[in-house]
Amino acid sequence: MTAVDVSYNEMTESARVAAVPLGHLSVETGRLYLEDFADGDRKITHQLEQVAPWLEAATKRTRKRFGRNARISTCFLVDDYSPSGAVDDQPKPSEVVDIVTTAADQAGFKIDYLAREAGCAVAYERPYSGPRDQSALADIVAGLIVEEAAVGANGSRPPTAQTGWLSNGERSPAVSVAMDAPQWEPPEEFGKYRHSVFVDIELWSLDHYQQSAKRQYSCSLLSAVWQLLRLGLLRDAGDAVAKPYRFGAGEGFPDLWQQLPSITQLTPDAAPFAAYQALSVLPPHFRAAEHAAEIIVDHLRFDKTVLKQTADRARDETNAVTLPDNPAGRLSHLFFNDVHVALND
Amino acid sequence: MLIFATSDKGGTGRSVTGCNMAYRRALQGEAVAYLDFDFGSPTAGAIFDVPEAERGVDASGLHSYFTRHTESQQLDTALHSDSDTLRDLPRISGAGRLVLLPGDKDGGEFSISADMPARCAQLFLRLDREFDLCVVDLSAGRSYAVDLVLEATARPELAALTSRWLVFHRWTKQHILAAHGLVFGERGLLKAGERRGHDPQRLNNSVRYVRTAVVDLCVDQESVTRPAQGAWLRAYDQKLREQADKLRMGRARLAGQIPFDPMLQWSEQVIDDSDVSGLKIANQATVQAFEDLAAKLSDERFWEGL
Amino acid sequence: MSPSTTERDGGPAVPDDGAQPLLGFGEVRTCLIQNLAGLSPSASVALMQLTPGSPVSKVDRPTRRVVSPEQVTGVDCRLHVAREGRGRAIGTVLSHAVVTNGRILQGTAHVALTSATAKERREWRHYLRQPGVIEVLGSPNPHNVMDGYLTDVSPARGLDLASISDRIIGEVQQSNRLDHTTALRTGTAVVRWAATLAPQPPQAKPTVGITKSDVPNFHVIRLNGSPEDLPLLIRFCEEFALHEWLLTTVQDVIVPRAETDIARDRDPLDSLLFALNELAPLWMPPTHLGPDMKALWEAMESRTHYSRLFERQTARIRDLRDQVKIRPPRRY
Ligand SMILES: Nc1ncnc2c1ncn2[C@@H]1O[C@H](COP(=O)(O)OP(=O)(O)O)[C@@H](O)[C@H]1O
Ligand SMILES: [Mg+2]
């Protein structure tokens with residue numbers, strides 16, 4: 001009698017990864033604080049008016065390359081992560097939506113998706129979302145960071161990203177040992193060309209006075225989360241996250257701003273929120289945080305299945321889209337502000 | 001259990017007493033680790049007679065564990081010591097291991113970086129998984145080492161471990177005052193502990209005192225020749241006791257009193273019964289005092305709140 | 001690093017995503033979880049959730065095994081090469097933790113070494129695309145690289161997988177999900193392994209050789225297999241480490257302690273029962289994991305006779321238990 005080898009498969013959970021709908025282009029048309037809406041429509045009107053011609057140009061170019069049916073969507077991000085005022089003073093969702101749609105109409109286009117920055121820290125899938133349908137997106141992205149190895153790093157030392165900082169190079173040594181204090185040395189960018197542009201990014205801070213020190217995420221990290229959502233690259237245990245929510249016909253907006261989902265779909269026939277390419281048209285003061293976000297994206301280890309899924313989808317389009325293999329290569333920015341307009345306050 | 005050994009001044013006998021105390025616990029069957037946290041001048045290697053750690057090791061000592069993130073060496077004294085007493089330990093039925101975590105030769109004090117308290121807590125947790133008792137020999141006075149362990153022991157992951165403090169001092173007016181200052185002073189242990197999240201009351205309840213190299217008037221009769229001298233010494237001893245009582249360092253908080261021993265005065269080492277009965281170079285009272293001190297470490301009634 | 005001529009004979013098929021690995025290195029640490037009670041299945045899963053959003057994998061039979069998502073650590077260092085030759089290793093090391101039956105914690109660091117795909121260090125995202133792969137610049141002989149790794153000491157002169165596996169243990173043991181109470185005082189056992197990887201003829205099975213070093217609680221394993229065998233080899237080393245730890249704990253810690261306790265009239269029952277109830281059921285050779293694992297395990301058993309030794313120790317523990325039950329110690 002011969003023994004029969006029975007092979008036994010231990011994998012309990014198949015590596016199932018959900019796909020998300022993808023368009024060709026996602027255009028971010030602006031970013032404002034929630035408090036800005038309390039002052040009415042002045043800021044957003046100005047921003048959308050400035051964006052209009054660039055949006056038109058981007059639309060034209062995308063249609064030219066990928067056909068008349070290229071899927072293009074627009075979005076607007078409201079920074080409500082650390083609101084300064086009381087909850088009661090916050091504008092209501094219906095008020096904000098009104099202001100946004102009216103301003104967009106005036107500028108001559110539509111805004112398809114309204115997003116919350118707090119919804120990038122923790123994804124709220126639905127209005128009145130409870131802990132069950134939330135995903136800690138900022139925690140997830142922070143957990144995907146793999147610091148670039150300095151020359152000589154052999155694994156002995158723990159990564160410093162655990163301390164809440166990520167850099168694109170080697171820091172100037174600062175550990176002071178009483179007996180042998182090191183000579184000062186400059187920081188150095190990894191892979192620099194002659195000279196360094198060294199960037200050190202604060203990912204989060206901790207309120208040390210609070211016992212339950214909770215991470216306060218930086219706008220750099222939250223912006224990285226935002227851009228990754230727009231590229232359709234984030235998953236929570238394989239599930240899609242922060243899927244846009246469309247309020248039904250008879251369904252009113254919630255009363256409180258925090259009860260709004262992460263992403264609200266404003267137009268019924270919008271192209272997908274996430275896209276092969278994401279363009280942000282923003283005033284120049286966002287430049288530093290966006291640069292930081294891009295560095296963060298460049299230090300993430302992505303789920304191979306998600307990357308492959310996206311690349312395959314793109315290749316299978318009627319007009320095949322070839323994606324660069326680094327996700328940051330799918331992000332574009334246009335920093336612009338009319339110089340002749342003084343908008344001081 | 002974690003025992004932190006500290007003193008206000010150097011040369012009090014903290015290391016010699018601590019090493020002997022650790023040895024007695026190992027004899028009784030416990031697995032004991034001795035951690036040389038006297039980063040500036042590690043001497044435990046010399047007391048345990050471990051040649052490669054005489055003045056600290058070349059690499060992978062506790063200093064580099066913190067500053068260079070290397071693993072910390074664990075030297076089993078039964079294998080690494082030249083002392084017969086320590087080499088014979090495994091041959092004594094039921095005895096535990098006595099392991100030295102040495103300092104580094106070119107150590108020196110270092111300032112505490114943000115990740116060190118967590119790393120220190122990690123070390124204590126790891127040792128607690130393996131050893132019944134860890135004796136941590138701290139440097140004298142308010143050093144970074146003291147700050148480091150205060151910060152580490154305030155962390156929640158060490159809350160389940162028993163941490164106790166022994167403050168070593170000589171039996172003189174100045175030394176009693178200094179030891180008192182180390183615990184109760186403005187920059188003392190309790191204040192520093194409170195700043196790091198310790199409850200000062202509880203912390204104070206975990207502090208006991210060890211008097212070292214105390215002249216024993218009954219034993220040292222040769223050196224006390226004149227009656228007047230004896231009378232004066234007895235009276236002064238009484239005065240010191242009163243001073244200690246007043247400073248909350250009296251009998252109730254006395255973990256041990258180690259007699260002055262001429263042999264230890266000259267040779268910092270671990271002694272055992274053979275040094276007393278065989279060669280008769282050490283005093284029986286000294287060994288007994290180490291034994292009593294070792295027993296006190298786990299005498300729960302003695303450590304209950306006062 | 002270039003494959004030696006004998007290894008080239010198989011004509012390694014190079015997939016388009018990079019060169020085939022020539023060597024696999026790893027280190028496994030095994031210890032008891034610092035918690036008074038064993039962890040429930042859900043507590044084990046929560047403890048292993050080291051990366052939010054990445055799934056923890058869990059198997060319930062024959063023993064409950066919960067594995068954390070892989071952690072990624074970047075490295076760029078010189079290799080510690082035995083005899084002659086130099087090499088620079090650039091890439092990422094993977095590490096994960098395993099909880100078995102809510103009692104035993106293992107920390108594993110592992111890596112696959114390939115020849116470099118460029119003459120210099122490349123952009124970081126290139127290495128991020130192949131987690132767990134280290135590219136070797138220079139052309140040291142793989143055998144020298146392997147011997148160098150296996151004989152490196154602390155502090156590591158080359159790749160420090162020891163620190164990485166130690167760190168993952170330290171981090172898990174520090175978790176606020178544990179009560180940090182030591183249920184039984186035991187050491188941490190270390191297994192360091194290296195595998196020569198080369199495409200094998202279809203019928204060939206991976207092979208194994210094990211050495212106990214003079215450092216206490218330290219074993220060295222050498223393996224052979226094809227590049228696809230790497231996950232199997234990693235698992236084999238973890239299973240070996242777990243069983244080796246069980247045997248050492250029972251034989252060198254529990255039995256001698258109980259014997260002294262009895263001699264000194266102290267109660268040894270707690271640790272005897274711990275061994276019988278908590279440790280003995282974990283002896284579960286992984287032969288159900290397929291013919292290759294079975295072959296590896298049996299090759300190991302035929303040399304070490306671990307199962308028989310463990311059986312003998314548990315029998316001794318039962319004897320001691322019965323002895324104590326009949327004549328309880330005076331101080332009991
Ligand atoms: N019980 C004792 N009797 C006599 N001398 C002692 C005694 N204990 C320690 N000494 C001596 O005191 C000196 C300092 O001891 P040591 O343990 O190194 O002190 P510390 O660690 O406090 O600096 C040593 O030279 C030692 O010989
Ligand atoms: Mg000393």
Side-chain angles (χ1 to χ4, degrees), chain B residues 1-2 26-33 57-61 63-65 67-76 78-80 90 92-97 99 104 115 117-134 152-153 155-163, chain C residues 27 29-36 104-105 107 152-157 160-190 214-218 245 249 252-253 256-266 268:
Chain B
M1 189 194 306
L2 292 167
L27 259 186
Q28 285 155 20
E30 285 192 340
V32 181
V57 285
D58 289 326
S60 294
H63 187 276
S64 355
Y65 172 81
T67 57
R68 288 182 227 285
H69 284 270
T70 57
E71 276 184 274
S72 51
Q73 280 192 53
Q74 296 193 5
L75 303 173
D76 192 327
L79 303 172
H80 294 267
I92 296 171
S93 150
R97 291 183 304 144
V99 170
D104 288 80
D115 63 328
R119 193 164 163 74
C120 184
Q122 217 170 71
L123 176 72
F124 292 160
L125 273 181
R126 169 160 71 76
L127 293 173
D128 186 68
R129 294 198 284 276
E130 195 171 347
F131 295 95
D132 301 289
L133 174 70
C134 292
T153 49
R155 293 176 63 89
E157 63 264 35
L158 291 191
L161 273 63
T162 307
S163 298
Chain C
E27 184 146 332
R29 274 155 205 251
T30 309
C31 61
L32 207 60
I33 294 183
Q34 215 155 0
N35 203 64
L36 193 56
I104 315 288
L105 175 66
D152 201 359
V153 288
S154 171
R157 284 165 287 180
D160 192 0
L161 303 190
S163 287
I164 296 174
S165 76
D166 190 43
R167 198 149 56 230
I168 200 162
I169 293 262
E171 277 163 19
V172 172
Q173 295 279 28
Q174 247 171 332
S175 160
N176 59 11
R177 296 179 185 279
L178 300 178
D179 64 22
H180 309 293
T181 307
T182 301
L184 176 80
R185 291 219 147 71
T186 57
T188 298
V190 180
D214 8 315
V215 183
N217 287 332
F218 189 84
W245 182 90
T249 300
D252 298 352
V253 179
R257 241 189 199 210
E259 284 169 344
T260 346
D261 280 346
I262 292 172
R264 292 191 174 194
D265 248 342
R266 287 190 297 230

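The structure displayed is predicted, hence computed values, not measured ones. We name chains A, B, ... by the order of the sequence lines, and we start the count at 1 in each one.
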* With a 4.5 Å heavy-atom cut-off (strictly below), which parts of residues 127-134 of chain B touch chain C? List them by number. => Asp128(B), Arg129(B), Glu130(B), Phe131(B), Asp132(B)
* At a heavy-atom separation under 4.5 Å, does Leu161(B) approach chain C through its side chain, its backbone, both, or neither? -> side chain
* **Structural part of Ala95(B) lying under 4.5 Å from a heavy atom of chain C** => backbone
* 4.5 Å side-chain heavy-atom contact, Glu157(B) and Gln34(C) -> no
Of all heavy-atom pairs between [X] and [Y], which one has the smallest distance, and what is that distance?
| X | Y | answer |
| --- | --- | --- |
| Arg264(C) | Leu27(B) | NH2-O, 3.5 Å |
| Ala160(B) | Thr181(C) | CB-OG1, 4.0 Å |
| Ala162(C) | Glu71(B) | CB-OE1, 4.1 Å |

* Measuring heavy-atom distances to chain B, does Leu184(C) have an atom under 4.5 Å in its side chain, in its backbone, in both, or in neither? -> backbone
* Asked: Got a sec, which pairs hit salt bridge (Lys or Arg N to Asp or Glu O under 4.0 Å) with one end in residues 170-183 of chain C, sequence neighbours left out?
  -> none
* To do: Considering only heavy atoms and a distance below 4.5 Å, find which of Ala121(B), Ala118(B), Ala59(B) pairs most often with chain C.
  => Ala118(B)
